[in-house]
Amino acid sequence: MTAHPVSPNTVLANALLRTEDVLTPRILATPPTRIVLVVGTQINGAPHCGTSLVQSLAFAMAARLGDRFGIRTDVLFSALDNAPYQQTTDPLSGHRYQRAYAQAVDEQTLTGLIDALYEPLFTALSQRLGVPYDVQTYTQQQAGEHFRRTWLRLLPHLDAARWWLAPSTGTPHLRVPCPQPGCGWAEKHAERTRVHLTDPETATVAAVCLHHGPYQAAITPTAGAYLDLATLYRNLVKELALTNPQDGGTLHVMVKGGDWLFGSLLIDEALQAVGLTRAQLPARLFCPQVVTDTGAKLSKSLIREGHAALPTGAADWMLDTRQWPGNVTQYADQLLALTETMLSEPRHFFRSYSAAEIGRMMTAPAPRSISVP
Ligand SMILES: [Zn+2]
């Protein structure tokens, strides 16, 4: 047994000599002075191995791009604390409501969660590869003036993009949590949420709380309510904000799991519908997915809720990386060995891996010393 997988050729793999060349056309088209690999993760409980894999691939790819192009390359970890913490149904309207981590949990607890679940691995990866990183929560991101201005400027043009953002309804969801102290619930599908641009710098959002009835909130570039957006809508605003000329020489690369591929096509269409050219779209890197025996994405929630079984050959740590039998340095080392294998050959990167194969590669002894047959 070797740690190296056997991977079939594909059109993309066949077109590349090196995995990082998938980004070369973007880097050569507009040579950046800096590259930032952006990797976002929902903060909702313990990370699973697919999350660790995408995060370590962001660091490993950053190191490769830095070496190859001689450009300063960093990682930005976007901690999505707007992930749902609680959900309920309003008995009167029948509408679904949610309370996000950012509203349900105090800031100190949230910081503690990120410090405990992500920082140790990031610190280890960063030190091993010499790649600096930053952490930004969604709470910080949405509060930023540039993000809010980008959204306010987008509003008059949203009509052009709304069917890309919500192809079935044409209504991309926006959530502004109820401002009553200790509440923070918001209508999940925004059925009764209305946005109105009162002037170019102010939007008024009207919504209905299941406990406190109708409320209004203003959003301005520097103040106002918490602005939560449905996933595609949020990514549109985030990526529009990153293409602003003020960022000039920085190329942002969105690092995602392979399951994002199809959804990203909609975001790309939405970005172009509001005026971006192809060349202005952010670069994207889709990483290998960890899948079960059926070929479906390894899903912690499906297994936890009893809808799927733990796949053959999968270990507990794959669903909850805190169960890894070793310390965080060893975990980071094994992940880096795994990413080195995946990045060593385009055929090993542009594919999915079963949980059993990940388990085999992550626990193989001295994987770095074994050569490809
Ligand atoms: Zn309320």
Side-chain angles (χ1 to χ4, degrees), residues 40-45 78-114 117 136-145 147-152 154-155 158 162 165-166 168-199 201-238 241 301 304-305:
T41 301
Q42 281 209 337
I43 303 302
N44 55 355
S78 176
L80 297 170
D81 55 357
N82 57 333
Y85 180 82
Q86 288 170 293
Q87 299 197 33
T88 191
T89 304
D90 174 17
L92 281 178
S93 62
H95 296 170
R96 292 292 289 165
Y97 274 76
Q98 73 170 45
R99 233 171 141 222
Y101 272 74
Q103 276 75 47
V105 167
D106 66 72
E107 203 182 323
Q108 210 179 346
T109 310
L110 210 56
T111 310
L113 208 62
I114 296 169
L117 295 176
Q136 186 184 45
T137 62
Y138 179 72
T139 297
Q140 293 165 337
Q141 192 181 18
Q142 63 80 34
E145 181 175 349
F147 185 92
R148 290 166 95 84
R149 276 193 192 282
T150 303
W151 177 71
L152 287 165
L154 167 70
L155 272 186
L158 194 60
R162 65 192 185 98
L165 299 176
S168 295
T169 60
T171 309
H173 300 151
L174 170 146
R175 287 181 287 264
V176 169
C178 172
Q180 287 295 321
C183 185
W185 286 91
E187 219 172 23
K188 186 172 174 60
H189 302 298
E191 291 93 337
R192 292 175 290 179
T193 304
R194 301 284 175 268
V195 192
H196 177 64
L197 201 60
T198 18
D199 67 64
E201 302 243 304
T202 314
T204 305
V205 180
V208 182
C209 175
L210 81 164
H211 298 302
H212 303 101
Y215 59 93
Q216 283 209 345
I219 294 172
T220 69
T222 52
Y226 191 99
L227 177 62
D228 189 19
L229 305 167
T231 307
L232 295 178
Y233 192 2
R234 184 180 69 243
N235 276 267
L236 174 74
V237 177
K238 175 177 106 176
S301 47
R304 195 177 48 214
E305 288 157 18

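Remember, it's 1-based here, ligands and their atoms both numbered in the order they're listed.
Excluding waters, the set of protein N/O/S atoms under 2.8 Å from the Zn ion (ligand 1) reads Cys178 SG, Cys183 SG, Cys209 SG, His212 ND1.
Within the 4.5 Å cutoff, side-chain heavy atoms of Arg234 are placed close to those of Asn82. Put simply, the side chain of Leu155 reaches to within 4.5 Å of the side chain of Val195, judged on heavy atoms.
Taking the side-chain hydrogen bond (donor to acceptor under 3.5 Å, both in side chains) definition, one finds that Thr111 meets it with nothing, sequence neighbours left out.
Contacts classified as salt bridge (Lys or Arg N to Asp or Glu O under 4.0 Å) and involving residues 100-113 (residues at least two apart or in different chains) are not found.
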For a quick test of your reading: what N or O donor-acceptor pairs under 3.5 Å do the side chains of residues 172-181 make, sequence neighbours left out?
unit_1, atom_1, unit_2, atom_2, d
His173, NE2, His189, O, 3.2
Arg175, NE, Asp228, OD2, 3.2
Arg175, NH1, Lys188, O, 2.7

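Under the 4.0 Å criterion applied to side-chain N and carboxylate O atoms, Glu201 and Arg149 are assigned as salt-bridge partners.
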